[in-house]
Amino acid sequence: MKTVQILSFFGPPGSGKGTVAERCVRDLGFTMLSTGNVCRKHIQERTELGEELKSYIDAGQLVPDELITKMVLKWLEEIIKSKDKVILDGFPRTKRQAELFTDALQSDPMLADIEFSVVHFDVSDKEILKRIESRLVCDNKRCQAVYSATVDEVTEGDACKMCGTPLIRRSDDNLEVARERLGVFAKFKQDLLGYYQDFGHRVLVFVPTGGLPDDDFREFQKLLI
Ligand code: AMP
């Protein structure tokens with residue numbers, strides 16, 4: 001049985017997890033699940049679950065641990081039948097999610113041979129607020145490519161370089177909700193990192209500069225060696 005490598009990207013909103021994850025998919029053969037993207041897809045497709053998710057996301061609050069973990073495990077069980085390098089972008093985000101996830105790794109025979117590591121994207125709140133203000137995303141929910149208005153020199157309504165769909169601002173990318181989300185992140189951060197330390201999980205710390213994506217990605221790759 002092959003070993004599946006799972007990287008969990010953990011960091012505040014706007015810390016560049018999504019951008020690096022996209023590059024890992026494009027250049028390093030990873031498959032990724034962004035829990036935020038899955039939630040937004042449900043909302044856009046107006047599924048029953050989407051109605052429930054919307055209330056949490058619009059308020060900058062986390063979706064309940066059991067619900068989000070179930071979504072991830074369902075996806076993972078399916079994906080590892082054919083892929084062996086996986087990124088979980090934005091999961092686990094709380095100690096409870098990490099506990100539920102590690103329990104599943106230990107008890108689910110389908111998830112038996114997994115090497116799990118965490119990449120902690122370490123960026124200050126001040127820098128995050130600056131980045132969120134300039135973040136634009138592709139409105140095509142199958143694409144959801146991420147841009148920085150300042151670094152990529154794009155503006156709202158410009159065409160996505162990947163699929164041509166107009167770029168928009170995310171509804172939760174306003175300063176009020178961003179501050180709320182940063183508060184939520186800070187509240188769960190120490191508990192989660194403490195859990196990883198106690199459990200002996202590998203945690204790699206990555207400090208993205210937010211500058212040119214190629215430079216950041218080169219630094220990121222050095223971490224994985
Ligand atoms: P993101 O795109 O990663 O910034 O996530 C956007 C929103 O999706 C978050 O503010 C939460 O409401 C929800 N979400 C994404 N991932 C998780 C998670 N692991 N646990 C709970 N809620 C999540």
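In listed order, ligands and their atoms are each counted from 1. This is a predicted model, so every value here is computed, not measured. Below, each value reflects all heavy atoms present in this structure, side chains not excepted, and no hydrogens, waters or symmetry copies.
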Which one of Arg181, Arg93, Gln97 has a non-hydrogen atom at the shortest distance from atom 20 (N) of ligand 1?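 Going through Arg181, Arg93, Gln97 one by one, Gln97 has the nearest heavy atom to atom 20 (N) of ligand 1.
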Over 12 foreign heavy atoms within 6.0 Å of CD, Glu156: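 Yes, because the 6.0 Å sphere around CD of Glu156 holds more than 12 heavy atoms from other groups.
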Expected output: side-chain Ser8 to main-chain Phe91 donor-acceptor under 3.5 Å: yes
Donor-acceptor check, side chain of Arg169 to backbone of Glu133, threshold 3.5 angstrom: yes or no? yes
Within 45° cone of Phe30 ring axis and under 6.0 Å: Lys85 NZ or CZ: yes
Charged N to carboxylate O below 4.0 Å: is that the case for Glu45 and Lys41?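 Answer for the salt bridge query: yes.
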In plain terms, say whether Glu127 and Arg131 are close enough for a salt bridge, that is, a side-chain N and a carboxylate O under 4.0 Å apart.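 Yes.
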Between [X] and ligand 1, does any nitrogen or oxygen pair lie at a separation below 3.5 Å?
{"X": "Phe91", "answer": "no"}
{"X": "Tyr56", "answer": "no"}
{"X": "Pro13", "answer": "no"}
{"X": "Asn37", "answer": "no"}

For [atom], closest protein heavy-atom neighbour:
{"atom": "atom 23 (C) of ligand 1", "value": "Ile68 CD1, 4.0 Å"}
{"atom": "atom 16 (N) of ligand 1", "value": "Thr35 OG1, 2.8 Å"}
{"atom": "atom 13 (C) of ligand 1", "value": "Val63 CG2, 3.9 Å"}
{"atom": "atom 19 (N) of ligand 1", "value": "Gly90 O, 2.8 Å"}

Counting each atom of ligand 1 from 1 as listed, which ones have a heavy atom of Gln61 under 4.0 Å away?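 Near Gln61, the atoms of ligand 1 are 11 (C), 12 (O).
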Proximal atoms of ligand 1 relative to Arg40 (non-hydrogen, under 4.0 Å): 2 (O), 6 (C)
Give a yes-or-no answer on whether the side chains of Gln97 and Glu66 include a donor-acceptor pair shorter than 3.5 Å.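 Side-chain D/A pair, Gln97 to Glu66: absent.
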Just by distance, with hydrogens left out, do Tyr147 and Ser134 show a side-chain donor and acceptor under 3.5 Å apart?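 Ser134 and Tyr147 do not have a side-chain donor-acceptor pair below 3.5 Å.
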What do we get for Ile57 next to ligand 1 when only non-hydrogen atoms under 4.0 Å count, side chain, backbone, both or neither?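 It is both backbone and side chain that touch ligand 1.
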Region of Arg170 engaging ligand 1 - heavy atom pairs below 4.0 Å: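 The side chain, only.
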Going by side chain to side chain donor-acceptor pair (under 3.5 Å), name the pairs with one or both residues in residues 204-215, residues two or more places apart or in two chains.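 For residues 204-215: Arg23-Asp214, Thr209-Asp216, Asp215-Arg218.
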